[in-house]
Amino acid sequence: MVYIGIDLGGTNIKAGIVDEQGKILCKVDCPSKVERGHEAVIADMAALARKAVEKAGLTMDDVKCIGIGVPGILDPKTGVVPFCVNLGWHNVPLRELMRSHIDKPVFIDNDATVAGLAESVAGISKGSQSSVFLTLGTGVGGGIVINGKVYSGAHGVGSELGHTIVEFDGELCNCGNHGCWERYASATALIRMGKEAAESHPECMIYRHVNGNLDRISAKTVIDCAKAGDPVASTVFKRYAYYLAVGIVSIINSLDPEIIALGGGVSAAGDFLLNAVRNEVNEMIFYKGMPYARIELATMGNDAGIVGAAMLGR
Ligand code: BGC
């Protein structure tokens, strides 16, 4: 038997067929286009799941169950998503609607939580007793694993690290508050900061890179220009790394995990990101000379969300 793992993101939906050992047999993806509303997105997820099964040369009879990683708050018992800022969903009965398309058991959990679990089972956090996985994508998600078990708090929202407030009266977040960490440490934030900088510095490399069409600025644009030594992009990236470190230091001060693993779009910056963040964290840690969490890049890449989701029902 195989499992279907679906990584439902604010930008893309990825689905994969995963075997008993957690190996991906094949994967497919499509844009989420969340503005169409939840019913269209769920119909696309079901179509994508069928496509993955077909691509793997299997039939639905070979599938044991479906797991979905959701970028928001959800109730794994009822299968309802009460609040998902990245998709604009309120009280969506995800499990029930998914089952109306494909009649298989459906398990749901938070996207970063499942990816964090996958990293702790087969990725960079393997063998650790305590780890925190951070996904730096559309938002910032947190996956806390303690003694091999996911920790989601008493009410299921214990790993909503992206909504920790780091700036009073700061940027408005999709959640309705101001100054949430994800407004400063997500890929979306890096893009926003890159756009603002390019607007006021048309002489910079970011601006030239997109021929003045600022809507084309991606996180990669800013990273590439910073890597190339452009002063404006370097300032933006340093500011980004500073904000990322602010949240990481708070995680270290509250949980003191063995390892903090960085995943999601911005982590593609690799050692460039790692060096910048490690330096900032080192500056901010107040107990100098004592050991603290290793900060590393997640190793399962884009696959962590699919594998972790698929493993939900195993
Ligand atoms: C959501 C989290 C999610 C994260 C990454 C945040 O905005 O509140 O639940 O894990 O984005 O997708």
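Read the numbers this way: they start at 1 and go in the same order the structure lists the ligands and their atoms. If you read the sequence from its start, that first residue is 1, and numbering goes on from there.
Under 4.0 Å from ligand 1, the heavy atoms of N110 that appear belong solely to its side chain.
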>> Please determine whether side chain to side chain contact (heavy atoms under 4.5 Å, CB included) holds for the pair F286 and N253, giving the CA-CA distance in whole Å, both sets of side-chain angles, and the decisive distance to 0.1 Å.
In response: CA-CA 9 Å; F286 71 87; N253 287 342; 3.8 Å; yes
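Ligand-side atoms of ligand 1 in range of V85: 7 (O), range being under 4.0 angstrom from any heavy atom. Below 4.0 Å from some heavy atom of G141 lie the following atoms of ligand 1, by number and element: 4 (C), 5 (C), 10 (O). Atoms of ligand 1 lying under 4.0 Å from at least one heavy atom of G72, given by number and element, are 9 (O). For ligand 1, the atoms closer than 4.0 angstrom to any heavy atom of H163 are 1 (C), 6 (C), 7 (O), 8 (O).
Ring geometry for Y292 against Y287 counts as perpendicular: the plane angle is over 60°, on a 0 to 90° scale with 30° as the lower cut.
For atom 10 (O) of ligand 1, the nearest protein heavy atom (residue, atom name, distance) is D111 OD1, 2.6 Å. Protein heavy atom at the shortest distance from atom 9 (O) of ligand 1 is E160 OE2, 2.5 Å. Looking only at protein heavy atoms, the nearest one to atom 7 (O) of ligand 1 is E182 OE1, 2.7 Å. Remark: minimum distance from atom 11 (O) of ligand 1 to any protein heavy atom is reached at N86 ND2, 2.8 Å.
Taking CD1 from I144 and CG from L117, the interatomic distance works out to 13.0 Å, rounded to the nearest 0.5 Å.
When each of V53, I102, L58 is paired with V63, the side-chain contact (heavy atoms from CB on, under 4.5 Å) condition holds for V53 and for no other.
Using a 4.0 Å heavy-atom cutoff, T138 is absent from the residues neighbouring ligand 1. Put simply, part of V140 is less than 4.0 Å from ligand 1, judged by heavy atoms. Distances from ligand 1 to the non-hydrogen atoms of G137 include no value under 4.0 Å.
Ligand 1 has no N or O atom lying under 3.5 Å from any N or O atom of T135, backbone or side chain. Between G139 and ligand 1, no N or O atom pair is found at a separation short of 3.5 Å.
Hydrophobic clustering, with ILVMFWY side chains joined whenever heavy atoms are under 4.5 angstrom apart, keeps F107 apart from I66.
Counted by atom type alone, Y207 and E199 present zero donor-acceptor pairs between their side chains at under 3.5 Å.
Counting heavy atoms from C-beta outward, H201 and V236 have side chains that stay 4.5 Å or more apart.
Taking both residues in full, the closest heavy atoms of F237 and A276 are given as CE2-CB, 4.1 Å, listed atom of the first, atom of the second, then distance. Here the closest heavy-atom approach between residue D61 and residue K104 is recorded as CA-NZ, 4.3 Å.
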